[in-house]
Each structure stands twice: as C-alpha cells, then as structure tokens.
Amino acid sequence: MTGASRRSTRGRIKSSPSGTDEGLDPLRYNHNHRGKGKKELLSIGAFKSNLKILVGLMLLGIAIIYFVINQIITHDLISQKPLRVITPFPAPKLMDLSMFQGEHKESLYWGTYRPHVYFGVRARTPESLVGGLMWLGVKDEMYVMRHFCENSDDLGSFGWREHNGRDFGRQELVENDMVLETSFVKSRGDGFGYGGDWSVRIHVKNKGLNGDAKRSAHLFFYLADEGGSVLNLGQDALDFQGSSLLVSGSREDVGDWQLHLRSQNQLETHYSGFKTPHIYNLSDLVQRNLALQARKFGRLQLSDTSEDSSNIYIFQISGKLPFTIDIPFVSGIKGESSNVEKRLTSLTGLPLSDLLQRKHKEFDAKFTECFKISGEHDSETLGVGKTAFANMLGGIGYFYGQSKIHVPKSTQASIYILLLPDSQDNFLLYWPAELYTAVPSRPFFPRGFLWDEGFHQLLIWRWDFRITLDIVGHWLDLLNIDGWIPREQILGAEALSKVPEEFVVQYPSNGNPPTLFLVIRDLIDGIKTEKFTASERDEILSFLERAYVRLDAWFQWFNTSQTGKERGSYFWHGRDNTTTRELNPKTLSSGLDDYPRASHPSEDERHVDLRCWMYLAADCMHSITELLGKEDKLSKEDYNSTAKLLSNFDLLNQMHYDKDHGAYFDFGNHTEKVKLIWKEVVSENGHLSRQLVRKTFGKPKLTLVPQVGYVSFFPFMSRIIPPESPILEKQLDLISNRSILWSDYGLVSLAKTSSMYMKRNTEHDAPYWRGPIWMNMNYMILSSLHHYSKVDGPYSEKARAIYKELRSNLIRNVVRNYYETGYIWEQYDQDKGTGKGTRLFTGWSALTLLIMSEEYPIF
C-alpha cells in the first residue's frame, strides 16, 4: 500500500490542472515577457504551497493507512490469543478430581515446601504465609548469613533425617562447631483453621562433647505474607519471659492466626518489620539492618523497628548454647472457644517432645514396612537409605508462576510480541500455573525437572501413592494444546532468583525423556500384582481414566515432533548445528546433556535412547487401555501395534546395532576427526582474543556413531533383547569389561576407550556424561540385570553374577561417600568413586534405597 501511494503521488505532481502541456508554461521563466514576471512568480509560489499541502496530506494518508493495517493485524493476533504454545490442553484438569479435594488437599496444605532454603514453611496456595529460618554462621572469621541452601556455604552436612511427606520432618544442619536440629510437625482438629496448626522446634547445640566452650548463636525466624497483607506485631515480642506472641494476622484461607515463641532458656529477642513484595532478597534486608545497627551502636542485633504496613517480620533469637525454642502457629481463632492456650501447650515443651517421638517411631515403622531392606545391610547403610529418602520427601516443593517460552523469529507469535508495549524479549509467558513436585537437589536444582520426576516417583509411590498421583497430576496439567510440557519449571520470583537468565526460557520444540511413564507402568504392575487395596485400586484407575487423554496427547507430541526419517526412528530436537564452540553439540533435551552424539546434527539422526523411551510410552499406553477396558476406543493410536513395532528386535538391529562393537549406537552425520583448538578471534569491539573452537579434520558421513556408553544400553534396559540372544551376552561382556564401563564404584557413563571419554565440550564445560558415574542409569541397568538373571536363558547365571557385584559396588560407594563427606552426590568420580557435581543430590541418587531393597520397575 505504501508503494502504491507513492506512485500515485508522483503521478499527481506530474499532471497539470488542465491536463495539457500548456499548463507547464507558467513554470518557465520568460525573459521576453518582463511585464508578466510578477504574476509568474506568484504562480510559482502558489504551486510550492500547494505542493507542501499535498505532501502533508500524503504523509497523513500513509500514517492513517499504517494505523489501520496495524490495528487490523493487532486485532487479528489478539483475537487468536492465547497462541497455541501458551494455550492449556482443553481437557478437565487432573487436580480437579475429587480424590485431590477434601481431606487429601487439606492434609497437604501446610508443609516444608520451600526446598531452596535451609528451613522453610508455606502453604500450597499461590500467595501464602511463608515462614523460614536464617542464622549467622562464621566463615573465614567473618559472620555470614545462612538462608538459601548453597554449596558454597560449606556446611559439614545438612538434610532431613526423617520426613513423612505430610505432617512431620526432622532435619540436621552442621555449621562448623554448631549443630542445628529443626523439627516440623502439624496438628489438626475441630475448630482449627484450614490445614490445621503447626509447630517448629529448633534445637541448637555445640558440635561434639566439649560443653565448656559456650558460644552464642543468633537465629532469625521470619513470617511473611506473599499477598502483602499487613501483619500485627505482638505486644510482648521484645520482652521475652519464656512465652511471647510474636505476630498475628487474618487470612481468608486460615482465618485469624497467631505465631508464638516459647522456650525454657534465657534468650534475647529483637525484631524488624519490612514492607516488600519480594522475599527472595530477605536475607539482604536483614544483613543491611544488622550492619547499620552494628555501625551505630556496636551491637549485632535487629533495630526493633518496623516499616508502616509491614508484611514481613523477622525475629532475632539469641542465646548461649545449647538452647531450644518452639515456634507454634495456631489458626482459625474465634475467641475463647478456640482454646488457643491449650493448643499452644500441645505444640510446645514436653507435649511437643512426645509428639515428635511418636512421629519418629511411626516413620521408622513405615520405612521398614515399605522398603523391606534385608538383614544383609548394617545400621550405617540403613541410615543412608533413610536420609536419602527423607531428603527426597523433605525436598518436595510448591511453586507458582509462569514459564517463559521461546518464540522463534518470523512467526506469528513473534509478530504478536513486537506489538506488545515495551516488548524487547523473544518469549511468551505460559499461563499462571502451580506445581507440586520433588526436586533433584536443594542447593543447586531446587525446582521441577520433568525427566528427573519419573525417577523420584519410583521411590515416593511406595511410601504414599497419593502424593505420587498428586505430583504426576500437577505435571500433566502443565500440558499445552500441542501436547508439550516445558522440561524445566522455574516458577515464581524465588525460583527465578536461583537461575541464570540464559537458562530460564524453555523451547517448545524440545522434549525430555517421558519418565512419568516409568512410575505409571509401576503403578499398573502394582495393581496387577495386588499391591493395593480395592479402594486404592479404584483411585488409581480413576486417575488414569482422566489422565489418559493428556498422556495420549503427550505421546502424540513426541510421535510427531521428534520422529526421524525412517519409520520407527526418533531423534532429540534442540541440537545446535551451527555452533563452532562445542566439541560435540549438546543434546540437552535427552537429559544426557553432553553425551556424544553425531558430530554434525541433522534431521537424518536416529537416537536409540529416544526410540526406547517411545517403546516404554507406547507399551504403557497399551497397558492403560487394557486396564480401563476401553482398548481402541480412547485414541486414534494403535498402541499395541506401535509397541510391537518399537520392540521389533530385527528392526532395532537394522537401525542401531553394530556387529563389530557388539553394541547399539545412534545414527547420524558423523566423523570422529574433530577436536577443540585455540584460535585468535577479533571480537565485536575490535579486541583480539583466544577462543577454543571446534575444527573438523574429516568429512562427516551418515553412519552409526561409535560411542559405547549409557545410550548403548537402552535396548538392554528396555528388555527388548531376547534372553536367548547372543547379543545379550555381548551386552553383559561390555558391562563387565574393566577396560570399557566397569569400575569398583559403578558403571561409568562413557566407555574409557571412547574418543570423547572425559573430554571437555567447551572451554568452560567440564565432562558431565562422559565418564562420571550416575545413579539413575546404573539403577536402570541393574534393574535389567536383575530381570535377565531371573528369566530362563543361557546367560542368566552370568547376569546374576554381574548384578550382585554391581549392586554391592554401588551401595558401598554411596555409603562410604556419605560418611566421609556428609552428603549424597549428583555423580561419582569414574576413577576414585568420590562424590562430584552438586551435593545433597537426593533426587535420583536416592534410588540407592531401591537398590538396597531390590525394588525395580517393569520397563
């Protein structure tokens, strides 16, 4: 339209009023007609004025046309909003099922659902009351504030020693010469507020038996209202005489409430109140307040002041070690009839001690019943199993927020973003959503990861299957209309504060291993083997009936977006085929990050691990249809046929088996002749720098990728290999070969003979899945060793011998590391077995407990 307007304007300028050539004569200056000169000049002036008006009108017309077009496009795009990628899946939500309402929902309302802090309490609601603990530690002879779990804090040890996932937990934190024990317990009864009452006990003591060196400890317990509601400071918050009302308030969910402090020890208390919408920077506010007081008065104490309309109060509790404080919370207060004092008494002092002791005994009894660990393990080994599991339950969190979803350029969505006011970023916001989930590691990964969660739930369902269904339901409710689930959930300001900006945005073209099918398959097997009562069975079936349409959509997303060129082939999307900085472009969507794939990413790739995940998913979906008695009625997909296709042994071998290596490999455009070299590069600012870049010395070709490692054993883990096949013996030989994968601490992630073994992927990326020992893959391989040792076949004895030794090595190494370091680790060193990566990694490393109890999934 703009071009046409300009052409018509030029046409009008060229034409005269009369449409004849004579009309141009007045524009010519005629020396022979001086008498007409003045009139001629006036004509020229008039024309210039008319021209200016004409140009002005033209520009105005262009602006109007642009405005109209812009409004049409904007209206059209807005009328299509929300766009598909941020449109929820159009089906009833799982969390609306009756099983997740009523008693179940209320029983889980309050909890230690803040895994990123050393101790925190909140409710499962978006704008909750939030409680937490800070304390002053000492590092390099300087006071430091402890609040968020950090590897850099160098605590000797910390984590839950007991936790039942619902109403009780006990944690121990070792800070240099001081030990803090935090206990949490809930109480419910008639007349209580929604979710009931709860109490926190904090016991602080010297480390060791030396009681002579009395030192002081400074604790800071806080309560904040995320919704910004004003909190009321208790009148006796400063004058502590064994019992104080710290703060009170009123909320729609729990009614009138109070938070108290009680102790038999001599303590000093101070406070500060703040009004702020954020709590992720709370420790900074406290430290600034303390520093100001120290400079002014030389005292390490809070200011005993509060801002107007404070929605956060922090209470400093200081005393000589040892001391114990009880902090009870009571809700639903309605005058004298609420028996506040009686309820406070039941949650403090000796009654609280008795309650905690009872919960401790219940935890031990249930742990023994659920996991049935044989007498072969000593008390130290049993203790590691308990703390691994308690940390997984104690690490369950509740999050609320919106994921950021990447939008490629030159798409309708990117045009929509440009039309938004003040828009600069290339992402859309997912709908506001809540997520109740376990987390891999409180210090480093305190948020939801999709493929980790399936492994977590293999443990949790054996303890409380309703918690598992609740968590899986929350994840499936994150499904969008295309059947995609963001693989990493970074929801809310606190979660965002822990993640670098470049890792926040999620890519809707990228998947993650669908491990939720692992636990669903396990639950189905539990039904078939009568591990559940009739009513429990009905609950699981009710869940599966509603979940089916979402699981079907999830499967279809994989089966359309991640398929390869050959029938029955798949490849992980998201690899960078333009990078020159990576030795082997990462495959983050696979969960195995830097595990070596084809050197040159392309659509010709075939990834054997994804094919096996799809077999698991198809087989599980077929089992669900059979269980629900609605085979072939719930989906267009013939899951039985798909499962048979993907478990076809001959087809698998044609696509992925290498006879020379006796191993299964990926397929793609590959050359082994690549390496990282230093190269001088001129940066954008003109400065010369040295960078480590990839150089290819050989032409890549379509071939199997000769990297023996965890990926090679997915057909073995999937149990596709017939027990009588010689190929099974090849797998057993590879597993047990000390020159390839075997170590005294577990199976390494990549063969020691591999060209990529322990090679850095970039200047800054140390090897991750290129050697270190990972518990989740060892568990899956061990599971199949156990399977092949039980079925009839010529290699069952060989499988049994390898199973026993590998199981023993894994347990012994995790236990040894725990008692040497105080932690369970993300991964273990391929040479020495020492813990590596992040510590307190009680996500899938907690599978050690299932290895102890010999509980394995049906893959």
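On a predicted model such as this, the values are computed, not experimentally measured, just so you know. Values reported hereafter were calculated over all heavy atoms of this structure, with side chains retained and with hydrogens, waters and symmetry mates removed.
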The reported gap from CG in Leu476 to CG in Leu516 (rounded to nearest 0.5 angstrom) is 6.0 Å
Can you name the closest pair of heavy atoms from Gly131 and Arg114 and give their distance? O-NH1, 2.9 Å
Could you tell me whether the side chains of Ser497 and His116 share a donor-acceptor contact shorter than 3.5 Å? no
Would you check if there is a donor-acceptor pair between the side chains of Glu453 and His456 at a distance under 3.5 Å? yes
Tyr118 six-ring face occupied by Arg146 cation (under 6.0 Å, within 45°): no
Would you tell me whether Gln171 and Thr182 have side-chain atoms, one donor and one acceptor, within less than 3.5 Å of each other? yes
Are a donor atom and an acceptor atom from the side chains of Thr437 and Gln489 found within less than 3.5 Å of each other? no
Between Trp110, Tyr400, Tyr113, Tyr109, which is the residue that forms a side-chain contact (heavy atoms from CB on, under 4.5 Å) with Ser128? Trp110
Taking all atoms of both residues into account, what is the closest heavy-atom pair of Asp308 and Lys275, and its distance? O-CD, 3.6 Å
For Tyr398, does the six-membered ring have the charged nitrogen or CZ of Arg122 within the cation-pi criterion, i.e. under 6.0 angstrom from the centroid and within 45° of the normal? no
Residue that, paired with Asp197, satisfies side-chain contact (heavy atoms from CB on, under 4.5 Å) out of Leu347, Val340, Val185, Val254: Leu347
Residue pair Arg447, Glu488: steps toward the salt bridge (charged side-chain N to carboxylate O under 4.0 Å, His left out) verdict: CA-CA 8 Å; Arg447 53 193 179 276; Glu488 185 174 349; 2.7 Å; yes
Any side-chain heavy atom of Leu840 within less than 4.5 Å of one from Trp160? no
Parallel, tilted or perpendicular: which one describes the rings of Phe841 and Phe445, with boundaries at 30° and 60°? perpendicular
Please indicate whether Tyr143 has more than 12 foreign heavy atoms, meaning atoms of other residues, nucleotides or ligands, lying under 6.0 Å from its OH. no
Taking only Lys NZ, Arg NE, NH1 and NH2, and the carboxylate oxygens of Asp or Glu, determine whether Glu172 and Lys205 approach each other closer than 4.0 Å. no
Just checking Tyr194: does its OH atom have more than 12 heavy atoms from other residues, nucleotides or ligands closer to it than 6.0 angstrom? yes
Euclidean distance, Ile314 CD1 relative to Leu133 CG, rounded to 0.5 Å: 12.5 Å
Polar side chain donor-acceptor pair, Asn151 to Thr838, under 3.5 angstrom: yes
Is the Tyr823 ring parallel, tilted or perpendicular to the Phe158 ring (thresholds 30°, 60°)? perpendicular
Could you check whether Ser331 and Arg251, counting side-chain N and O atoms only, form a donor-acceptor pair closer than 3.5 Å? no
Trace of the salt bridge (charged side-chain N to carboxylate O under 4.0 Å, His left out) decision for Asp522 with Arg462: CA-CA 10 Å; Asp522 234 14; Arg462 289 172 163 84; 3.1 Å; yes
Indicate whether any N or O donor in one side chain lies under 3.5 Å from an N or O acceptor in the other, for Ser183 and Arg170. no
Has Gln264 got more than 12 heavy atoms of other residues, nucleotides or ligands less than 6.0 Å from its CD? no
Carboxylate-amine/guanidinium contact Lys498 Glu150, below 4.0 Å: yes
Pair Phe363 + Trp463: ring centers closer than 6.0 Å: yes
In Å and rounded to the nearest 0.5 Å, what is the CG to OG distance from Asp256 to Ser250? 4.0 Å
Should Asp167 and Arg188 count as an ion pair when the cut-off is N to O under 4.0 Å? no
Separation between CZ (Arg124) and OH (Tyr436), nearest 0.5 Å, reads 5.5 Å
Parallel, tilted or perpendicular, as decided by the 30° and 60° cut-offs, for the rings of His147 and Tyr222: perpendicular
Without swapping roles, check the side chain of Asn164 against the backbone of Arg166 for a donor-acceptor pair under 3.5 Å. yes
Against Gln316, only a single residue in Glu268, Met134, His218 fulfils side-chain contact (heavy atoms from CB on, under 4.5 Å); can you say which? His218
Is the centre of the Trp844 ring less than 6.0 Å from the centre of the Phe449 ring? no
Could you give the distance from CG (Asp326) to OG1 (Thr345), rounded to the nearest 0.5 Å? 11.0 Å
Taking only Lys NZ, Arg NE, NH1 and NH2, and the carboxylate oxygens of Asp or Glu, determine whether Lys207 and Asp177 approach each other closer than 4.0 Å. no
If you round to the nearest 0.5 Å, how far is OG of Ser199 from CZ of Phe184? 9.0 Å
Ring geometry between Trp461 and Phe532 (parallel below 30°, tilted from 30 to 60°, perpendicular above 60°): tilted
Hey, is Asp470 close enough to Lys105 for a salt bridge, meaning N to O under 4.0 Å? no
